[in-house]
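These notes are about the structure you will find just below.
We count residues from 1, following the sequence as given. All values below come from the heavy atoms of this structure, side chains included, with hydrogens, waters and symmetry mates left out. We count ligands from 1, going down the list as the structure has it; atoms in each ligand are counted the same way. Source: prediction; values computed, not measured.
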Amino acid sequence: MSLTTFVPLENDTSTGVSGGGLQQILMQGSHHGEGRSIRAAASIHLAGATPMSFELSPIDKAKFVAAKQATQYVQDGMKVGLGTGSTAAWLVKCLGEMVEKDGLKIKGVPTSTRTAELARDVGIDVISLDEAKWLDLTIDGTDEYDGNLNLIKGGGGALLQEKIVATASDQMIVIADASKQVETLGHFPLPIEVIPFGWQTTKTLVEETLISMDVLGRQVSLRMNGDAPYYTDEGNHILDLHLNRIGNSRQFSLVINQIPGVVENGLFIDICDIVVIGYGDGRVKVRDINAGSVEESRIEFVETDNLFADLND
Ligand SMILES: O=C(CO)[C@H](O)[C@H](O)COP(=O)(O)O
């Protein structure tokens, strides 16, 4: 049996791997910042699994190991911002396991209705940001990050809540596979959230603003959901800005937010503290921008006796 055979839930689309079932994996590596060896059981278990074996892709392994490594920053009693997207979904599942198996006591503040639903499903105590007021930590995925840990987010359409939640946190940790690293932000289309009222006028104003900005592309498209415009959780639309390269992302973020109708943009400048980068072979790199440190470790996937223990019940 493959060491990386996973068993999905038919109704779980949050990770893009239809993942669920029981995954029991042992991890070995160095604890962040301390260089000491860890050996932790990582298991993902969602109730109601419909067995259907398949190989986890290298990209999903990378997302999983990044998420699992990031759980080491989560401690009892913390209020934790829970990101949105396929990488963040692995995190939520890992935390759910820790709540269920280890009795971890946290309050989770989700950044989207999707994440809220998943967090509740896996047993995390979900509260609103207004109840939490301030968070110890937010862990989220990203679409791009640069050498200064500035980000483009919003590929999943949740940038507004993600930015509010991350900004209201003592620390933001980004979890990503290595493909998300870029020299200069902008290859990934920059999402901006705009209110539906007069969105076409807003789009024109954005296009006019782009003429004077240091960018390589200037195409702007309305994000669609099939034949209809996409709506965010806040009832807004998303304009995707195909810029290819953003010369000055700090300035860009300030300027674009001045346009009436623009609610927020997907540039996260000086918000992220740590990036945890996962690789398909189980390696994990942790880069802390404040400490100026880079730690590497490896998470070994090894077969355990009870790998699929609950699948034939
Ligand atoms: O910003 C986001 C959602 O709004 C996501 O974090 C971003 O799109 C990355 O997603 P994934 O982990 O699926 O690659």
Would you check the N or O atoms of G156, main chain and side chain alike, for any that come under 3.5 Å of an N or O of ligand 1? yes

I want to confirm something. Looking only at heavy atoms, which of R114, K163, K180, E144 is nearest to atom 14 (O) of ligand 1?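 Ranked by closest heavy atom to atom 14 (O) of ligand 1, first place is K180.
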
Among G85, S86, A66, the residue with a heavy atom nearest to atom 13 (O) of ligand 1 is S86

Residue and atom name of the nearest protein heavy atom (relative to [atom]), distance in Å to one decimal:
atom                    : value
atom 3 (C) of ligand 1  : E162 OE2, 3.1 Å
atom 12 (O) of ligand 1 : T87 OG1, 2.5 Å
atom 5 (C) of ligand 1  : T84 O, 3.1 Å
atom 8 (O) of ligand 1  : D143 OD1, 2.7 Å

When you look for heavy atoms under 4.0 Å from ligand 1, do you find them on the side chain of T142, its backbone, both, or neither? backbone

Within the distance-only criterion (no hydrogens, no angle test), does the side chain of [X] pair as donor or acceptor with the backbone N or O of [Y] below 3.5 angstrom?
X    : Y    : value
K163 : N265 : yes
T167 : I271 : no
S57  : D60  : yes

Salt bridge (Lys or Arg N to Asp or Glu O under 4.0 Å): which pairs involve residues 242-255, sequence neighbours left out?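 Counting only pairs at least two positions apart or across chains, the salt bridge (Lys or Arg N to Asp or Glu O under 4.0 Å) contacts touching residues 242-255 are R250-D270.
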
Closer than 4.0 Å to some heavy atom of [X] - which atoms of ligand 1 meet that?
X    : answer
G157 : 4 (O)
D140 : 6 (O)
G141 : 6 (O)
G154 : 1 (O), 2 (C), 4 (O)

Using a strict 4.0 Å threshold on nitrogen-to-oxygen distance, state whether D136 and K79 make a salt bridge. no

Give me each pair satisfying ring pair (Phe, Tyr, Trp, His ring centres under 6.0 Å) with a member in residues 205-233, each pair once, sequence neighbours excluded.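 Qualifying pairs: Y231-H237.
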
Please round to the nearest 0.5 Å and tell me the distance separating atom CD1 of I127 and atom NZ of K107.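 If I round to the nearest 0.5 Å, the distance is 6.5 Å.
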
Please name the residue in the list V174, V286, N290 that meets the side-chain contact (heavy atoms from CB on, under 4.5 Å) test with I274. V286

